[in-house]
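In what follows, a single structure is set out as C-alpha cells and then discussed.
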Amino acid sequence: MEISTKNVNQKTTNAKAQTLIEFCYRTSNDKKGVKVNSPNAHKQILLLIEDAIKDGHFSADPNETIIFRNAQLDGYKHVLIVSLGDVKRIGPESIRRSCAAIEKALVKNKVVEADLNTDNLLSRANKNVADYVAAAVEGFLLADYEFDKFINKDMRKKQHPIKTIYFLTSSKTNSSQLQKGLEVGKILSECINFARALGDTPGNLLTPEILGQETIAAAKGTKLKVQVWDEARIKKERMGGLWGVGKGSDNGPRFILMEYKGAAASKKPICFVGKGLTFDAGGISIKPSMAMDEMKYDMCGGSTVIATMLAIAKLGLKINAVAYVPASENMLGPSANKPGDILTARNGKTVEVLNTDAEGRLILMDALSYACERKPELIIDVATLTGAIVVSLHNVYTGYFTRNSKLKAKIEKASLTAGERVWQMPLHNEHGKDIKGRHADLQNISNHRGAGSSTAAAFLENFVDKDIPWAHFDIAGTAWDLGGRFNYCPEKGASGVMIRTFVEIAKDF
Ligand code: BES
Ligand code: MG
Ligand code: ZN
C-alpha cells in the first residue's frame, strides 16, 4: 500500500479514486440518543450519518464504519465513514484503530484506491497534527500487513489489497506537520512490518546466519553499522552460553552487533538486547510437539531490537544507540547441551543447565555481560522468555521488570504514548535465591514451580552491572497471535509489539 498526498482541487482528476473517506466522532450518548459531529467534512456527510443513526444502521461506536455506495457526492461515487468514537477519547490510538478499520472496510468492498479528508481527520488535532497523521499511517500500513509471500497469488486471503490512499490537502492543512507525520508513520510501520516478517518466517528459512544477513541488508543505506560474529568468534569471545546452546544444531549461532551514532561520541549510548532464538525445540529437554511450530517466533525479541535500531536510524534521532542480538537454534544434535552441563558466561559466572529448554537466559547472559562492558546509559532487553508470562498476562500486556524507578516512569510514559500496554512484574531478592546453583553459581531453572517469569528476570539480573539502569521485557505472550485484540495487528502471526514503545523511550532518552 502506498500513502500519498493530493491537493483537494486535484481530487477529481483521477477517475479511479471514486471513494472518499470521512471521519466522525460522538459528542454525546444520552437518553436523547447518539449525537455525532464531523467538522471539515463535506456538508452532506453529517446528514448521511444522522440518517443512518436514525435508521439504526450506524451508532458511531469506535472504529465502526459505514459505506454509502453510489452516494455520488462531490465527484465521488462512494463515501466511507468511520467513527473515531467518543470525542473525549480521540488520540493517536483511536486514530490508529479507525484507520485499520478503514483498511478492512476498503478491502472488503474491493476498493483499491481512496481519498481521505485530512482536514476532517485532524479537526481535533490542535498541536498534534504530526502525531495524529503518523498514527493514521500506522493504522493503514500495519493493518495492510499480510505474510503471504509463500502463498500462490490466487490463493491469498487479500485478493484486492489497497494500492493507494491519498491524504487530501487544502489551504487549511498544516503541510509541514502533515509531511512529518507521513514520514514518521511510514518509517515506524515499515520497521514493524519488517520485524513481523522475520517473526513469521519459519526456522528453515531464517537460521541465525540468515538473521544476520537480513540485518545487514536492512541496514544498507542507513547510518547503522552492523557486525555479525560467527561460531568461532563467539567461542573466542568467551560467550559460553550462546556457544553452548548453539552447538546442538548444524546451523551455528551468530552474535549480531548494531551501532548508531547520532550524537557526540562522548554521549553514552542506549543499549538494546534481544533474544534471537530462531527455533526453540527445547533441546534435550524437548518440548511437546503440540504447537511446537510456534517456536519459530522465539526470535521476536531480536527482531524487535533490530527494527527499533532501524527506526532510530531512519528517524535520524540525535542519540547514540547500540544493540546486541544473540541468535541461535535450540536443537537436539549429538553435541547438544545435556541436563546438568555447566556453562561459563562471559562475565565468569557459571551456570548449571538443569533444563535445556530454559535456553533464552543462557544466550542473553552473554549478550548482557557484553552490553555492560560498553558502559551504556541504560540497557533494555526483550525476549520471548517464559511460558509463565503467558499465564500471568496473556496477549494484552507485556510484562516488564526493573528495579529502577526513573526507568519505570520512562517506560510507562513511552508505552502510553505508543499505545502499547505494559505491566510491571515483581523482581526481588527472593526470586534470585530460587536460581542459586548447587554445583555452579547459578542454575537455569528455579527450585520452585511458581513465578517463572520473575525467577527468569532474576537470573538475567546476575549479568547486569548494578550501576546500569536495566529493564527486561518478556514478550512471550504479546509477540504473536493477538487474536484480533488490536485491529492493526494480525490475528495470527507476529505482532511487532514494543517497537513503538522502544522508539519512544529512545526519543525521550
Ligand atoms: N521460548 C520459550 C518461552 C515461551 C513459551 C515463549 C511459550 C512463548 C510461548 C523458552 O525458551 C522456554 O522454553 N521457557 C521455559 C522455561 C522453563 C523450562 C523454566 C518455559 O517457559 O516453559
Ligand atoms: Mg526454551
Ligand atoms: Zn525459547
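Reckoned from all heavy atoms, side chains included, excluding hydrogens, waters and symmetry mates. Owing to the predicted nature of the structure, the values given are computational and were not obtained by experimental measurement.
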Check: G262 main-chain N/O paired with N320 side-chain donor or acceptor under 3.5 Å: yes

Aromatic ring pairing F486/Y488, orientation class (parallel under 30°, perpendicular over 60°, tilted between): tilted

Salt bridge flag under 4.0 Å for residues D61 and R26: yes

Over 12 non-hydrogen atoms of neighbours within 6.0 angstrom of CZ in R485: yes

Test side-chain contact (heavy atoms from CB on, under 4.5 Å) applied to V226 and I256, step by step: CA-CA 7 Å; V226 182; I256 303 168; 4.2 Å; yes

Short side-chain donor-acceptor distance under 3.5 Å, N487 and K104: no

Exam field: side chain K163 to backbone E113, donor-acceptor pair closer than 3.5 Å: no

Side-chain touch H57/I66, heavy atoms, less than 4.5 angstrom: yes

Minimum-distance pair of heavy atoms, taken over all atoms of S38 and I49: CB-CD1, 4.3 Å

Which atom of V36 lies closest to which atom of A60, heavy atoms considered: CG1-CB, 3.5 Å

Presence of salt bridge, K158 and E103, under 4.0 angstrom: yes

side-chain contact (heavy atoms from CB on, under 4.5 Å), paired with F509, selected from I319, L317, I312: I319

Pairwise side-chain contact, P490 with R196, heavy-atom cut-off 4.5 Å (strictly under): yes

Salt-bridge present (K180, E183; N to O < 4.0 Å): no

Under 3.5 Å side-chain donor-acceptor pair for S453 and T386: yes

Salt bridge (Lys or Arg N to Asp or Glu O under 4.0 Å) assessment of E93 paired with R97: CA-CA 6 Å; E93 183 61 12; R97 292 185 193 195; 2.8 Å; yes

Shortest non-hydrogen contact from N63 toward S98: OD1-N, 3.3 Å

pair I45-C24: side-chain heavy atoms closer than 4.5 Å: no

Heavy-atom donor-acceptor pair, E22 side chain to V79 backbone, under 3.5 Å: no

Euclidean distance, H394 NE2 relative to L482 CG, rounded to 0.5 Å: 9.0 Å

Donor-acceptor contact below 3.5 Å, side chain E2 vs main chain I162: no

Shortest non-hydrogen contact from I468 toward E377: CG2-O, 4.4 Å

Side chain T27, main chain K35, donor-acceptor under 3.5 Å: yes

Whether K223 side chain and K261 backbone form a donor-acceptor pair below 3.5 Å: yes

Residues H78, N109; criterion side-chain contact (heavy atoms from CB on, under 4.5 Å); working and verdict: CA-CA 10 Å; H78 315 302; N109 284 283; over 6 Å; no

Nearest-0.5 Å distance that lies between atom CG in L116 and atom CG in L168: 7.0 Å

E50 with K54: basic N within carboxylate O range, under 4.0 Å: no

Check: G477 main-chain N/O paired with N395 side-chain donor or acceptor under 3.5 Å: no

Candidates F502, Y324, F473 - the one meeting ring pair (Phe, Tyr, Trp, His ring centres under 6.0 Å) with F272: F502

Side chains of E420 and T398, donor plus acceptor under 3.5 Å: no

Smallest separation among heavy atoms of P469 and L407, with atom names: C-CD2, 4.1 Å

Audit row: W480, D200, side-chain contact (heavy atoms from CB on, under 4.5 Å) steps and yes/no: CA-CA 9 Å; W480 72 84; D200 287 335; over 6 Å; no

Heavy-atom check, side chain of S123 versus side chain of F23, under 4.5 Å: no

Any donor-acceptor pair under 3.5 Å from S495 side chain to C489 backbone: no

Matching residue for D119 among T169, T173, N40 - test: side chain to side chain donor-acceptor pair (under 3.5 Å): T173

No-hydrogen, no-angle side-chain donor-acceptor test under 3.5 Å, W470 and D381: yes

Residue pair N404 / L378, side-chain heavy-atom distance below 4.5 Å: no

Min side-chain heavy-atom separation L364-L385 under 4.5 Å: yes

